[in-house]
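So the structure is just underneath, and the comments pick up after that.
From a predicted model like this one, the values you see are computed outputs, not experimental measurements. Heads up: numbering here begins at 1 and tracks the sequence.
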Amino acid sequence: MEESLVNQQKGIIEYCYMNLYNFNLLEKEDRDEIISIATGLLELVKDNELMSKIITILYEACFCNDMKLEEIWELYWLITSICFSNSDVGIKGGSTRLLYNAIFDHVTNVLPNKYNYQFIGERNKDVVVIVTNQLLGIRHAPTIRIFDYAYTLQHELHKSVVIINDSGTNYSHSPNIHNFRTFNYINDYNDINSINYKDESFYFIQNPDIMPNLSSIHNLANVIYNLNPLLVFNVGGSSLVADYCSFFTTTLSLPCSYKIPISCSKYLLVGRRLNADDKDVINLILDYQKIIELEINYQYRQNNMIYSRKQFGISEDRFLIAIVGNRLCVEVSNEFLIELRDVITILDNVDIVFIGEIINKDMIKKILSYDNRVFFTDVLNEAGEFLRHCDLYINPKRNGGGRSSFEALHFGVPVVTPKYGDVYYTCGEEFSYNEGDKLVELVEQYVTCPDYLLSKKELARDRAKHLANIKANMEIILETAENDI
């Protein structure tokens, strides 16, 4: 797109942002044009302030009376995805939680409750339903978590587990919304009714319809109502189906992050201790909701993949730092790269490897300056297996990364992370640093002090063993349902 046109569109965004109070007065055709410009710019601009103004405009559009449910749902997930990938971008004067609550209210107004509440003594306590809004394969960390939870509930706690993919992220695409943050969906899952994991098999249902489909929500709720389970456990992002089940049974929601889940389920599960920063969010939760603090669990999955440094041209006698992620193109900032450049400039026996999809390799190499000491593996099947060949895992400021940091801990690879996001809560205080600390000084301790490195390796393995105790958390979930009144 020509620079002059981009600048013109930025001017339109600035004007709209300054006049948000008039947004609902626009004709739908004019508002659709603004939404088209705004979503198109999101893919082009990198300025966090401008991106925040854009998603604020999109957020306000969702509350206009003539917006279709399908458009609102698509914008909800676009906004959610942008804010997850970029921790410095957010809605000004609004909340995705309030937007989701409004969506759920609309759904329940159209589909009013006709179910009788099933009290605990009336339920089949041997059945647990796990609902998710997306189910992919074993290279997808949230999917692995669903399988691990289902396995523990069925194999160790002797429950019969039903997994339902309500396909909430398989939504329709409006022509005026330039949505570059689409979610994967496996059509072949529509043709199966069971999923095998390890030595267990789970009954499985995948919604084949584009969401939000009110008939599908109603039909899946009917299926769950007739199963009469002990509880409905939503694992992942917001689920209209799981939340609708709150009308007749105990519902619990656990996100694949350490944030308070955006959900209308009764119990909101948070994988950490609450702190003062949670106050504003806690003030927004619904009157009937309760928060339960627990830990996010991970288990290492044995596999047959074998990697070596040699296959990527990395010397065995170098101190190797790993940067890992599926969204590194947006998660690795120039500021972070400059810190890494300081590390390899001062510590001349250190190399860096980026594990994951990287499309801006030339830009990274240019900033880091040392081409022969920077390596890229691209996407690896069972990428955790390569981490065993690394000496240190460094995390940029981001929301994701919990599973890969756990895999590093599992192999005794220490982690260095800011006190923010999933990696921080996965690894804990022992592996975190404060704002203002110099990354090069932190790394230097590991490189130059063998005893320090060895002690941190032991702490890493101990932390991984602690996080692998899925059974304890599943027992908390079952106990919560059994005591629910």
Q) If only atom types and distance count, is the side chain of Ser85 paired as donor or acceptor with the main-chain N or O of Ile82 below 3.5 Å? A) no
Q.
Just by distance, no angles: are the side chains of Asn196 and Ser201 close enough, under 3.5 Å, to form a donor-acceptor pair?
A. yes
Q. With distance as the sole test, does Gln134 use its side chain to make a donor-acceptor pair with the main-chain N or O of Asn165 at under 3.5 Å?
A. no
Q: Quick one: list whatever passes ring pair (Phe, Tyr, Trp, His ring centres under 6.0 Å) with Phe84, sequence neighbours left out.
A: none
**Q.** side chain to side chain contact (heavy atoms under 4.5 Å, CB included) assessment of Leu284 paired with Leu98
**A.** CA-CA 8 Å; Leu284 292 178; Leu98 294 176; 4.0 Å; yes
**Q.** Between Tyr298 and Asp148, a side-chain donor and acceptor under 3.5 Å
**A.** no
Q) More than 12 non-hydrogen atoms from neighbouring residues, nucleotides or ligands closer than 6.0 Å to NZ on Lys361, yes or no? A) yes
Q.
Quiz question: by atom type and distance under 3.5 Å, do the side chains of Tyr258 and Thr426 form a donor-acceptor pair?
A. yes
Q) Sub-3.5 Å donor-acceptor pair from the side chain of Gln289 to the main-chain atoms of Ser265, do we have one? A) yes
Q: Please answer whether the main-chain N or O of Arg301 pairs with a side-chain N or O of Asn303 as donor and acceptor at a distance below 3.5 Å.
A: yes
Please list, one pair per line, the donor and acceptor atoms closer than 3.5 Å that link side chains of residues 339-349 to other protein atoms, with sequence neighbours excluded.
unit_1	atom_1	unit_2	atom_2	d
Arg341	NH1	Ile367	O	3.3
Thr345	OG1	Arg341	O	2.6
Thr345	OG1	Tyr370	OH	3.4

Q) Is the closest basic N to carboxylate O distance between Asp391 and Arg309 below 4.0 Å? A) yes
Q: For Leu44 and Leu42, run side chain to side chain contact (heavy atoms under 4.5 Å, CB included): C-alpha distance rounded to whole Å, both residues' side-chain angles, the deciding distance at 0.1 Å, then the answer.
A: CA-CA 5 Å; Leu44 299 175; Leu42 269 179; over 6 Å; no
Q: Could you tell me whether Lys419 and Glu435 have a side-chain N and a carboxylate O separated by less than 4.0 Å?
A: no
Q.
Are the side chains of Val161 and Phe233 in contact, using a 4.5 Å heavy-atom criterion?
A. no
(Q) With a 3.5 Å distance limit and no angle check, can you tell me whether Arg318 reaches the backbone of Asp351 through a side-chain donor-acceptor pair? (A) no
Q | Polar contact flag, side-chain donor to acceptor under 3.5 angstrom, Ser238-Ser263 | A | no
Q.
Has Ser81 got a side-chain atom pairing as donor or acceptor with Leu78's backbone, closer than 3.5 angstrom?
A. no
Q: Salt-bridge test for Lys438 and Glu444: reply yes if a basic N is under 4.0 Å from a carboxylate O, no otherwise.
A: no
Q.
Is it the case that the side chains of Asn297 and Asn473 hold a donor-acceptor pair, with the cut-off being a distance below 3.5 Å and no angle test?
A. yes
Q.
If the threshold is 4.0 Å, N to carboxylate O, is there a salt bridge linking Glu14 and Lys53?
A. yes
(Q) I need the Leu153 CG to Leu478 CG distance, nearest 0.5 Å. (A) 5.5 Å
Q) Does one side chain, of Asn395 or Tyr424, offer a donor that lies under 3.5 Å from an acceptor on the other? A) no
(Q) Under 4.0 Å between a side-chain nitrogen and a carboxylate oxygen: does that hold for Arg463 and Glu295? (A) yes
Q: Can you measure from CG (Leu453) to OH (Tyr446) and round to the nearest 0.5 angstrom?
A: 8.0 Å
**Q.** Side-chain donor-acceptor contact under 3.5 Å, Asp422 with Ser257
**A.** no
**Q.** His178 side, atom NE2; Ile37 side, atom CD1 - distance, nearest 0.5 Å
**A.** 8.5 Å
**Q.** Rounded distance [0.5 Å steps], CG in Asn179 versus OG in Ser172
**A.** 10.5 Å
**Q.** Test salt bridge (charged side-chain N to carboxylate O under 4.0 Å, His left out) applied to Asp47 and Lys10, step by step
**A.** CA-CA 11 Å; Asp47 178 76; Lys10 287 181 179 178; over 6 Å; no
Q. Quick one: which of Asp243, Thr250, Thr251, Asp484 gives a side chain to side chain donor-acceptor pair (under 3.5 Å) with Lys266?
A. Asp484
**Q.** Short side-chain donor-acceptor distance under 3.5 Å, Gln154 and Tyr149
**A.** no
